[in-house]
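Working notes for the structure below.
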Amino acid sequence: MTTTKDPKEQPPANNNNKQSQSKNGVDGGLMKRLRRSASATEHNLTNLRNRKSTQNLFDQHGNPIDLQQYRKVLDKDENGNGTSEKKLRYRRTQSVTRAEEISNKEAKQRKAQPDRSIHRPRDSLFSWSSGFTNFTGLVNWGFLLLCIGGLRLGLENFLKYGIRVNPIDWYFFLSGRNEGEGHNALLLIIYSMVHISLCLAVEKGLALEIISEGLGMVIQISNVVVLVCLPVVIIHLKGSAFSIMGATTVCFFYSVLFLKLWSYVQTNMWCRQTYYQRQPRERRPSITLAELKKRKMNEGEEDEDVTKLVQYPENLTYKDIMYFLCAPTLCYELNFPRTSRVRKHFLLKRLLEVLIGVNVVMAVFQQWIIPSVRNSLVPFSNMDIGLATERLLKLALPNHLTWLCFFYLLFHSFLNALGEVLNFADRNFYCDWWNANNIDTFWRTWNMPVHRWCVRHLYIPVVQMGYSSRQASTIVFLFSAFFHEYLVSVPLQTYKIWAFLGMMGQIPLSAISKYVERRLGPRMGNIIVWASIILGQPLCIMAYYHDYVITHFQTALNGTDYQQ
């Protein structure tokens, strides 16, 4: 008969006990893991919970393990309070690492000294390792300093030029009363109904299969191309008949209409492909009178509160396309999300913001920006780098304040008011672009209607054609650069490429900002984004003003009419 040794007589750390390891193979593996570390994963939690005996369980020092010390933690996790995503550590309450033990002993010895020690290991607050993040006071200081600097520049402007604000001049400028002949801009906007009607008529012909798909697409493409080229031709031929504000309004209106009609045509094309081309037509089977009555009864039982969605080609109406053209979006859908009512208090606040904000922008523009831009002409023409840089920095502050006000008025106040009147529920017109850590993030967040249009109708179709994502992004930037130049050069009748180059320069600037973000952190990347906004715009303004004066007022530069 084989005799079994008493486990109490065995040494605590006997690795040669093959009989015990073969009998408890899983426990032996658990013992080895507990010897290496005092941690337990979710994989062996069940073994620990179900284990009744502490035999052959030892810690990393060879001491027997009493499961009663872990039972409270194990029971707690068994009741559902633990998490399976984290690695749980099971240690004795009194156990610590060697480094912690030494540190605690040293701290106790220093406290026992009679010198009343007050020093301990700490990092300076400006060090990244300190973990300190509350810089509210410094933000307040910077904002106050910015306000004081702006107030000083504003006071200097008042002392030098006096009060230049004149609301009557605003009316003359916005209406173009002293410029142009007649109401050519208004007539050109009304003429756009021809392109809108042609677009709708072709879509109806395609839906009824009166016009072939190829011919219809040729007509639609020609229609939108003529639409965007028409202001260029008319303003170039009849430039003196348009005021600057009128020409700018026409170019902006036709640019928006071009994007909306592109989306309208492409979305209806997707609907046709779904309903007519991909689904084969089948002859409808005849139904009995009883089945027809049953269908009518089922239709009558439908929930009246659920809005019935518009289906293609029921959307091809003047009412539908006119709602889309007025809605604060560039992407067409058959069924837009709608609100249930108009919030009168909200609408009144947005309208007051538009009314007050426009007056503030015009006042800043008339009092501050115009003198700074005019004073930049001579140093910019003479290529005086030092003086031109000073004019650039002086123009940067009022221009940036005007740009921020314009952003708030357009993307928050005006578009929200328009959406409230039309019961348009999607109000995500902008995201937190001010936190952008690189240029790409800024362009994806500051103008959401244009960004969604570019992704939906340009980027994704180009990628589906087989181009890479980088090539598609370059095409998107080329498209955006064209329209930036279109909105500046055509109204001024000064055909340069500064706005185009500025937009294409965003591509290398994007790579630089991403590199800085990776190497120096997101904060430095955000600083580069803000620097490009603050300094890039006034530089473009100075360049276009110089070229505009050279083009249209060359004879006045040498006379006394334009001496400052």
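For the pair Phe424 and Ala327, the tightest heavy-atom approach, listed with the atom from each and the gap, is CD1-CB, 4.2 Å. The two residues Leu334 and Val310 come nearest to each other via the heavy atoms CD2-O, 3.8 Å. The two residues Ser468 and Val463 come nearest to each other via the heavy atoms O-CG2, 4.5 Å. The shortest heavy-atom contact between Trp498 and Ala543 is CD1-CB, 3.9 Å. Between Cys251 and Pro231, the closest heavy-atom pair is SG-CB, 4.4 Å. Closest heavy-atom contact between Asp440 and Ser510: OD1-OG, 2.7 Å.
Side-chain atoms of Asn359 do not come within 3.5 Å of backbone N or O of Val361 as any donor-acceptor pair. Side chain of Asn223 to backbone of His195: a donor-acceptor contact under 3.5 angstrom is found. Under the 3.5 Å distance criterion, the side-chain polar atoms of Glu213 are left unmatched by any main-chain donor or acceptor of Leu206. Checked by atom type and distance alone, the side chain of Ser263 never pairs as donor or acceptor with a backbone atom of Leu259 at under 3.5 Å. Checking side-chain atoms of Tyr467 against main-chain N and O of Ile475 turns up no donor-acceptor pair under 3.5 Å. Using a distance-only test at 3.5 Å, with no hydrogens or angles considered, a donor-acceptor pair links the side chain of Arg427 to the main chain of Gly419. The closest donor-acceptor contact from the side chain of Ser489 to the backbone of Thr494 lies under 3.5 Å. Judged by distance alone, the side chain of Ser513 and the main-chain N or O of Ile439 form a donor-acceptor pair under 3.5 Å. Side-chain N or O atoms of Glu420 include one that pairs as donor or acceptor with a backbone N or O of Arg343 at under 3.5 Å. With hydrogens and angles disregarded, a donor-acceptor distance shorter than 3.5 Å links the side chain of Lys260 to the backbone of Thr329.
Separation of atoms CG (Leu316) and SG (Cys199) is listed at 9.5 Å; rounding is to 0.5 Å. Between atom CG of residue Leu261 and atom OH of residue Tyr254 there is a gap of 11.0 Å, rounded to the nearest 0.5 Å. The distance from atom CD1 of Ile356 to atom CG of Leu351, rounded to the nearest 0.5 Å, is 11.0 Å. Between the CE atom in Met542 and the CG atom in Asn375 there is a gap of 10.5 Å [rounded to 0.5 Å]. Atom-to-atom distance recorded for Arg391:CZ and Leu539:CG is 15.5 Å, nearest 0.5 angstrom. Rounding to the nearest 0.5 angstrom, the gap separating the CZ atom in Arg456 from the CG atom in Leu330 is 11.0 Å.
Under the 4.5 Å side-chain criterion, counting only non-hydrogen atoms from C-beta, Leu397 is in contact with Trp368. Side-chain contact check for Phe365 versus Pro398: every heavy-atom pair is 4.5 Å or farther apart. Side-chain atoms of Leu478 and Phe500, non-hydrogen and from C-beta on, do get closer than 4.5 Å to each other. For the pair Leu347/Val342, a side-chain contact is recorded, criterion being any heavy-atom separation below 4.5 Å from C-beta on. Using a 4.5 Å cut-off on side-chain heavy atoms (C-beta onward), Lys204 and Pro313 make no contact. Contact check for Leu188 versus Leu230: side-chain heavy atoms found under the 4.5 Å cut-off. Residues Met193 and Ile196 are in side-chain contact: their nearest non-hydrogen atoms beyond the backbone lie under 4.5 Å apart. By the 4.5 Å heavy-atom criterion applied to side chains, Gln266 and Pro461 are counted as neighbours.
A salt bridge links Arg350 to Glu353: one of the charged nitrogens lies within less than 4.0 Å of a carboxylate oxygen. Contact check on Glu209 versus Arg272 returns no salt bridge, with no Lys/Arg side-chain nitrogen under 4.0 Å from an Asp/Glu carboxylate oxygen.
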Query - Stepwise ring pair (Phe, Tyr, Trp, His ring centres under 6.0 Å) check, Phe479 with Phe483 - result: CA-CA 7 Å; Phe479 187 84; Phe483 273 97; 5.0 Å; yes
**Report entry** Test side chain to side chain contact (heavy atoms under 4.5 Å, CB included) applied to Met269 and Met217, step by step
**Finding:** CA-CA 9 Å; Met269 181 188 68; Met217 287 296 100; 4.1 Å; yes
Requested in this report: Evaluate side chain to side chain contact (heavy atoms under 4.5 Å, CB included) for Leu393 paired with Leu535, printing each intermediate quantity in order.
Outcome: CA-CA 8 Å; Leu393 297 177; Leu535 299 178; 4.0 Å; yes
Report task. Check step by step if side chain to side chain contact (heavy atoms under 4.5 Å, CB included) holds for Leu144 and Asn140. Result -> CA-CA 6 Å; Leu144 181 61; Asn140 295 336; over 6 Å; no
Requested in this report: Would you please test Val516 and Ile527 for side chain to side chain contact (heavy atoms under 4.5 Å, CB included) and show each step?
Outcome: CA-CA 10 Å; Val516 171; Ile527 290 175; over 6 Å; no
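Relative ring orientation between His457 and Trp270 is described as parallel, the plane-to-plane angle staying below 30° on a 0-90° scale split at 30° and 60°. Using the six-membered ring where Trp is involved, Phe336 and Tyr323 have ring planes that are tilted, between 30° and 60° apart.
The number of heavy-atom neighbours closer than 6.0 Å to CH2 of Trp446, taken from other residues, nucleotides and ligands shown, is above 12. The 12-atom threshold is not exceeded at CZ of Phe252, counting heavy atoms of other residues, nucleotides or ligands nearer than 6.0 Å. Under a cut-off of 6.0 angstrom, the local environment of CZ in Phe482 is crowded, with over 12 non-hydrogen atoms contributed by other residues, nucleotides or ligands.
Of the candidates Trp434, Trp403, Trp433, Trp433 is the only one forming a ring-ring contact (aromatic ring centres under 6.0 Å, His included) with Trp530. Tested against Tyr430 for a ring-ring contact (aromatic ring centres under 6.0 Å, His included), the candidates Trp443, Phe407, Phe411 yield a single pass: Phe407.
Lys496 forms no cation-pi arrangement with Tyr544, by the criterion of a distance under 6.0 Å to the ring centre and an angle within 45° of the ring axis.
Side-chain contact, Tyr332 with Asp320: a donor N or O sits under 3.5 Å from an acceptor N or O.
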